[in-house]
Amino acid sequence: QLQLVESGGGLVQPGGSLRLSCAASGFTLDVPAIGWFRQAPGKEREAVSCISSSDNSTYYVDSVKGRFTISRDNAKNTVHLQMNSLKPEDTGVYYCASSKFSIFRLCVIWEPDYWGQGTQVTVSS
């Protein structure tokens with residue numbers, strides 16, 4: 001059973017940066033894709049960014065392109081999300097998620113197989 005543990009959330013002013021980390025343990029060889037979702041208060045959970053293990057292809061939702069960067073460290077079974085130029089609308093609970101099948105299934109049709117517990121990101125002055 002794959003377990004995902006997020007860290008790195010917190011309070012930051014608009015324009016600031018945060019780096020989220022997701023540590024994976026368990027049967028990590030079964031995870032072709034891993035990424036991040038977020039859920040703002042009163043809104044649906046949405047895919048933010050994903051990365052494939054096979055070719056390191058990436059996906060970003062339009063609202064974060066040019067500001068967020070996803071990366072993975074396979075040796076440490078860790079995925080990072082570097083978030084720059086943060087805006088108040090980036091506020092929400094950020095969840096690490098993974099798919100046993102593909103980046104498409106994870107980030108396009110939103111069907112992950114595993115979830116982390118979430119970490120709060122608040123962007124406010």
Side-chain angles (χ1 to χ4, degrees):
Q1 182 77 13
L2 182 67
Q3 294 181 330
L4 304 171
V5 179
E6 303 97 334
S7 61
L11 172 64
V12 64
Q13 292 185 342
S17 298
L18 281 175
R19 187 189 193 213
L20 303 183
S21 297
C22 173
S25 61
F27 297 100
T28 55
L29 292 178
D30 292 333
V31 180
I34 193 165
W36 295 89
F37 284 64
R38 69 184 176 192
Q39 187 164 22
K43 294 188 177 181
E44 183 182 19
R45 193 175 297 187
E46 65 170 350
V48 175
S49 181
C50 298
I51 186 166
S52 168
S53 63
S54 60
D55 60 3
N56 279 334
S57 58
T58 56
Y59 166 91
Y60 295 96
V61 68
D62 286 346
S63 60
V64 307
K65 286 181 179 177
R67 301 188 297 122
F68 290 13
T69 302
I70 191 169
S71 62
R72 64 188 296 159
D73 183 341
N74 289 334
K76 297 182 179 180
N77 289 331
T78 302
V79 175
H80 303 287
L81 185 67
Q82 179 66 42
M83 306 187 294
N84 298 328
S85 302
L86 283 161
K87 305 175 180 179
E89 50 263 43
D90 294 317
T91 293
V93 180
Y94 282 68
Y95 298 89
C96 185
S98 66
S99 170
K100 296 186 291 185
F101 299 98
S102 67
I103 191 172
F104 178 83
R105 184 150 173 167
L106 180 62
C107 246
V108 177
I109 62 175
W110 300 3
E111 290 188 355
D113 298 292
Y114 303 103
W115 288 102
Q117 82 286 354
T119 185
Q120 176 70 43
V121 171
T122 303
V123 185
S124 175
S125 55

Q. Atom OG in Ser102, atom CD in Glu111: separation rounded to 0.5 Å?
A. 9.5 Å
Q: Could you tell me whether the side chain of Ser54 reaches within less than 4.5 Å of the side chain of Pro32, counting heavy atoms only?
A: no
(Q) Does any part of the side chain of Lys87, heavy atoms only, come nearer than 4.5 Å to the side chain of Pro14, both counted from C-beta? (A) no
Q: Show which residues join Val108 in its hydrophobic cluster (side-chain heavy-atom contacts under 4.5 Å, direct or indirect), or state none.
A: Phe104, Ile109
Q.
Can you see whether Thr122 engages Ser124 through a side-chain donor-acceptor pair at a distance of less than 3.5 angstrom?
A. no
Q) Taking a hydrophobic cluster as the set of Ile, Leu, Val, Met, Phe, Trp and Tyr residues connected by side-chain heavy atoms closer than 4.5 Å, whether directly or through intermediates, do Trp115 and Leu2 fall within one such cluster? A) no
(Q) Suppose we screen for salt bridge (Lys or Arg N to Asp or Glu O under 4.0 Å). Which residues come up paired with Lys76, at least two apart in sequence or across chains? (A) none
(Q) Measuring from atom CD of Gln3 to atom CG of Asn77, what distance do you get when rounded to the nearest 0.5 angstrom? (A) 12.5 Å
Q: Inspect the contact between Asp62 and Lys65 and indicate whether a charged nitrogen and a carboxylate oxygen are less than 4.0 angstrom apart.
A: yes
Q. Among the clusters formed by ILVMFWY side chains lying less than 4.5 Å apart, do Val93 and Val61 turn up in the same one?
A. no
Q) Between Glu6 (side chain) and Gly118 (backbone), is there a donor-acceptor pair under 3.5 Å? A) yes
(Q) I need the minimum non-hydrogen distance between Ile103 and Tyr59, along with the two atoms involved. (A) CD1-N, 4.1 Å
Q: Using the rule that two of Ile, Leu, Val, Met, Phe, Trp, Tyr join whenever any of their side-chain heavy atoms come within less than 4.5 Å, decide whether Leu86 and Phe37 are in one cluster.
A: no
**Q.** Residue Glu89 excluded, over 12 heavy atoms near CD under 6.0 Å
**A.** yes
Q. Can you tell me how far CD1 of Ile70 sits from SG of Cys50, rounded to the nearest 0.5 angstrom?
A. 6.0 Å
Q | With Asp55 via salt bridge (Lys or Arg N to Asp or Glu O under 4.0 Å) - residues at least two apart | A | none
**Q.** Leu106 with Trp110, same ILVMFWY side-chain cluster at under 4.5 Å
**A.** yes
(Q) Between Arg67 and Asp90, is there a side-chain heavy-atom distance shorter than 4.5 Å? (A) yes
Q: State, yes or no, whether a side-chain contact exists between Met83 and Tyr94 at a heavy-atom distance under 4.5 Å.
A: yes
Q. Between Ser17 and Gln82, does a side chain to side chain contact (heavy atoms under 4.5 Å, CB included) hold up when you go through it step by step?
A. CA-CA 7 Å; Ser17 298; Gln82 179 66 42; 4.0 Å; yes
Q: First locate atom CH2 of Trp36, then atom CG of Leu81, and finally report the distance between them rounded to the nearest 0.5 Å.
A: 6.5 Å
Q) Hey, any chance Tyr95 and Leu4 share a hydrophobic cluster, counting ILVMFWY side chains that come within less than 4.5 Å of each other, even indirectly? A) no
Q | Steps toward side chain to side chain contact (heavy atoms under 4.5 Å, CB included) verdict (Cys96, Ile34) | A | CA-CA 7 Å; Cys96 185; Ile34 193 165; 4.0 Å; yes
Q) Looking at Thr119, Val64, Thr91, Leu20, which hits side-chain contact (heavy atoms from CB on, under 4.5 Å) with Arg38? A) Val64
Q) What are the two closest heavy atoms between Lys43 and Gln39, and how far apart are they? A) O-NE2, 3.2 Å
Q.
Given 3.5 Å as the limit, does a donor-acceptor pair link the side chain of Ser99 with the main chain of Asp113, or not?
A. no
